[in-house]
Amino acid sequence: MYSDKVMDHFKNPRNVGEIENPSGVGEVGNPVCGDIMNIYLKIENNIVTDAKFRTFGCGAAIASSSMATELVKGKTLEEAWDLSNKAVAEALDGLPPVKMHCSVLAEEGIHKAINDYRKKQGLEPWVEKNPHAHEHVEGTCGL
Amino acid sequence: MYSDKVMDHFKNPRNVGEIENPSGVGEVGNPVCGDIMNIYLKIENNIVTDAKFRTFGCGAAIASSSMATELVKGKTLEEAWDLSNKAVAEALDGLPPVKMHCSVLAEEGIHKAINDYRKKQGLEPWVEKNPHAHEHVEGTCGL
Amino acid sequence: MADKRIIYMDHSATTCVRKEVLEAMAPYHAERFGNPSSIYSIARESKKAVEAARGQVAKALGADPDEIYFTSGGSESDNWAIKGVALANRQKGNHIITTKIEHHAVLHTCQYLEKEGFRVTYLPVDRYGLVSPADLEKAITDTTILISVMYANNEIGTIEPIAELGAIAKKHKVPFHTDAVQAIGNIPIDVKAQDIDLLSLSAHKFYGPKGVGALYIRKGLKVHNLIHGGGQERRRRAGTENLAGIVGLGKAIELATADIEGHNQTIRALRDRLLKGIQARISDTHLNGHPEKRLPGNINISFEFIEGESLLLWLDDEGICASTGSACSSGSLEPSHVLMATGLPVEISHGSLRLTLGDANTVADVDFVLGVLPGIVAKLREMSPLYKGKKGG
Amino acid sequence: MADKRIIYMDHSATTCVRKEVLEAMAPYHAERFGNPSSIYSIARESKKAVEAARGQVAKALGADPDEIYFTSGGSESDNWAIKGVALANRQKGNHIITTKIEHHAVLHTCQYLEKEGFRVTYLPVDRYGLVSPADLEKAITDTTILISVMYANNEIGTIEPIAELGAIAKKHKVPFHTDAVQAIGNIPIDVKAQDIDLLSLSAHKFYGPKGVGALYIRKGLKVHNLIHGGGQERRRRAGTENLAGIVGLGKAIELATADIEGHNQTIRALRDRLLKGIQARISDTHLNGHPEKRLPGNINISFEFIEGESLLLWLDDEGICASTGSACSSGSLEPSHVLMATGLPVEISHGSLRLTLGDANTVADVDFVLGVLPGIVAKLREMSPLYKGKKGG
Ligand SMILES: Cc1ncc(COP(=O)(O)O)c(C=O)c1O
Ligand SMILES: Cc1ncc(COP(=O)(O)O)c(C=O)c1O
């Protein structure tokens, strides 16, 4: 069902935990849907210097959190913002169609964390380019 | 499907053939139904002294003809008339429900042969006691 | 009796499971038995095995794997195809076209739908059992929602002009189903080239296990489910998969379609030897079905003046397994509707014998049958008042 | 990985085929393969084998053999029972009563019938999953034509008061169907004493093969056919019989019902050891289902703050096969409708784990699971923002 990459990130999730005094936090998902992700970012000089997560969810949710936090580390904020759910899924060698919403959740978590940081900085939050994309993803809970 | 007795009478049918100058002949059945029986009786002093048959039909039809002709031999005409299809079937250790009509055909063949004889003798034909009994037998062709 | 040689010539009724097929199935009973819907590793192996079999079936038909749905056999496939399309298209119309010579799985399903308010046209066939494409085209109306014509007939072996019929159905945009239960392994099938929208098959007709079959449904076709429930078969056919059976079906269809032409040449040669031998040795016979357009292993021949069941019983006594279109054999009241549709007189239809040859039959089998059959026919004719009548009159 | 020990605790999903069953089936693939409808000797042996299996099933249920019809499994049996009774009784009424916790084979069939103009009442259950006989009686109206309540639930193991429900159905002269797929071998069944009119079962839940089941239909009951066609199963279920499968079903049910009490004691002891062990070692759990009225091998327990699929993946990594009521595992969008019906909060239902023990499980298996499960739960909780929240808050 899952690729080896997904299983690796599920079984050995990178970046589990919290960052003390994070620059930005993104909380997404809903326990009713069976998925919650909390993404913590440390941002220094417009660079994501650290990223951590806590996730309640299935194998794909955990692997997506792990991969997404890996991918944003070392990136500029703009690059991190542009990380799409597809890029997360591809980095995991694909996700089953019904699990694509997990990668969407990871994208949203990163976005929320970035905008949380921007707000704290007194900056305008960035606007989702494609805010409804995930509504069309098969397997979304709908809540 | 068939009892050993049926198979024995099917494979080694008794009394196949015709009687020269028979006392009575009974022709029953219909090729469209897949069953025709011709029963030939020799009757002397009110006793069935010989009985033969020719049959076009299934295993049960052939076995019923064989058994019925066996059973009437040596009987008085009254006894022969009283031979029921059930008696034929029982003597064969039973017939499958859908094949009971074959034993009915044998009973009818004997009856027709007896009445053929009685008519030739200028006697009133006997009346079937239960002429419609076989209509209720499962598997009757209906023609 | 126990060590008596059995000569099996009833391959259209069912076949034995071929050794390679049994071997393929073996691990899926007690070892790799996981439910394909579960997520742990042994279950994922089950899922893979089901998908591999789906690929094998798809390849044999020229279909995509996701157009193949596993069922419990030919009858379920036929019921699903016909009721499924009919019920899903009620708002478009209520007219179904099929033929007089379909298997009961199609005919009785259509008769059931007639009681439910559908109108069914049963196309006639010619004396050889062929459906006429012109008749089909004439029968199509604005309310026609389904056409179902079998690929090859199970009794008389006649092969229908499916590609032609399919093209007509396509032209009129009516979904086209074919019951290909007897065709698999005997006729090369390409559902796309032949414009087939739904196709039924059953594993036990080509050396696979009994109780498993498949329905091909062209992508995008609207079909109601027949068996509702769990999400198996992409939510179109519920029920825990018959895992070993499906694996067996996959292997069997792969083997059956690997060299259809080679298989046919061998079987046809045997069949022709048997048929010519019978015709040379026995008088007053009628070959039923088409002289050329017929399944390679099929002989259906009527012997006048005798009845089929008693013929079968004698053949059985010799170890020969065969079948008949006589009503008497089945406990049904009417002789074969297929023979009737070809115009064969009823009384002659009672004397029909079907011998269907398969991969294990040999020249020795054929010659054995040729050795005993004439004597049996003669014996029964001797006993028959009809024969007597003819010879006498 | 290849030689890793597998601990199978998903017996409610499916079981392996027991050795004696496989042995019973073996001759019917390639040797005694005759079509039971044919008349020659090898086919008559097939027919006998089918009838022997019918007798075995009948005996296990307290039914007459001619009240047993073989099908392709539990889903087909459920579909047949429900659609068959509903469609045969349309002139009497259009109301069906079932429950909220039925298997999808019942629920989705009922939902389909709703689209076809039937009205369905879905009875609620209490927090343990029990249906109330009083609720049933209240729901019955003049137009009620069918009641269908499962014997034992496949997820939470709750055993329903079938005899009581059956008596109410009988009093109101409404046909009573029960899906006994999970009950066979775990609960003594007597269809006459329990006033059951139709009963579904499936061989692969009691160490028989997948893809074969049966429907008991009380004599005289009006039921439309689901699969029309040939005259098999006394003209009520068409299709060449799944010969080997039916033989396997017969053997399996005979073995499964030979000593139900003994079987239950063994399984229950193992189950209770596992359940108590889990409850002693892991905090914040909820046992789903009834504390006593439950299947002997069933544990369904929710672990707060974690999600079931990731739990299963970790268990699989340890060779443990289990299942969950979390939506995430199945690709469906909603968590178990059964857990929902018992009133369990959605977020907790996501953390449910079903372990269903079977005849091959041992104390060592139980202790192995007890050894690894707490660590897995702890690891997932550590990662969970919900757990963090709770501990923090
Ligand atoms: C209670 C219940 N009913 C019906 C079914 C369906 O049976 P099958 O999968 O054999 O069709 C199952 C199992 O899948 C079940 O547990
Ligand atoms: C042409 C045809 N269609 C359908 C069927 C039904 O297949 P099954 O018996 O596998 O249900 C058969 C054989 O029995 C057949 O020959």
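What you are looking at is a predicted structure, and each value in this text was computed from that prediction instead of being measured. The sequence lines fix the lettering, A, B, ..., with proteins before strands; numbering per chain opens at 1.
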### Query
What are the two closest non-hydrogen atoms of D:Ser38 and C:Asp10, and how far apart are they?
OG-OD2, 3.5 Å

#### Entry: Engaged part of C:Ile42 at the chain D interface, taking heavy atoms whose separation is under 4.5 Å
side chain

### Message
For the interface with chain C, which of D:Arg90, D:Met25, D:Arg237, D:Gln111 has the highest count of heavy-atom pairs at distances below 4.5 Å?
### Response
D:Arg90

### Message
Quick check for you: to the nearest 0.5 Å, what is the distance between C:Glu76 atom CD and D:Glu76 atom CD?
### Response
6.0 Å

### Message
Side chains of D:Lys210 and C:Ser46, heavy atoms from C-beta outward: is any pair under 4.5 Å?
### Response
no

### Query
How would you list, in number order, the residues of residues 242-250 of chain D that have a heavy atom less than 4.5 Å from chain C?
D:Asn242, D:Leu243

#### Entry: Straight-line distance of D:Leu226 CG to C:Asn79 CG, nearest 0.5 Å
7.0 Å

### Message
With chain C as the partner, which of D:Thr14, D:Leu313, D:Ile227, D:Asn35 has the greatest number of non-hydrogen pairs under 4.5 Å?
### Response
D:Ile227

### Query
chain C heavy atoms under 4.5 Å from D:Glu241: which part of the residue, side chain, backbone, both or neither?
backbone

### Query
With a 4.5 angstrom heavy-atom cut-off, which part of D:Leu315 approaches chain C: side chain, backbone, both or neither?
neither

#### Entry: Proximity breakdown for D:His204 and chain C, heavy-atom pairs closer than 4.5 Å
side chain

### Query
So which part of D:Ala322 gets closer than 4.5 Å to some heavy atom of chain C, the side chain, the backbone, both or neither?
backbone

### Message
How long is the straight-line distance from SG of C:Cys321 back to OH of D:Tyr40, given to the nearest 0.5 Å?
### Response
5.5 Å

#### Entry: Side-chain donor/acceptor of C:Lys19 to backbone N/O of D:Ala30, under 3.5 Å
no

#### Entry: Under 4.5 Å from a heavy atom of chain C, the part of D:Arg32 involved
neither

### Message
Between D:Gly73, D:Cys16, D:Ser75, who has the most heavy-atom pairs with chain C when the cutoff is under 4.5 Å?
### Response
D:Cys16

## Note on the structure
Ranked by heavy-atom pairs below 4.5 Å to chain C, first place among D:Gly319, D:Gly211, D:Ala43 goes to D:Gly211

### Query
Counting only N and O atoms by type, is there a donor-acceptor contact under 3.5 Å from the side chain of C:His108 to the main-chain atoms of D:Gly229?
yes

### Query
Which bit of C:Tyr8 comes within less than 4.5 Å of chain D, counting heavy atoms only: side chain, backbone, both or neither?
side chain

### Message
Which atoms of D:Thr15 are under 4.5 Å from chain C, going by heavy atoms: the side chain, the backbone, both sets, or neither?
### Response
backbone

#### Entry: Validation row: D:His224, C:Lys115 side chains within 4.5 angstrom (heavy atoms)
no

### Message
Just so I understand: if I count every heavy-atom pair under 4.5 Å between each of D:Thr240, D:Asn225, D:Leu87, D:Ile320 and chain C, which residue has the most?
### Response
D:Thr240

#### Entry: Side chain / backbone / both / neither for D:Tyr28 at chain C, heavy atoms under 4.5 Å
neither

### Part of D:Ser323 lying under 4.5 Å from any heavy atom of chain C
neither

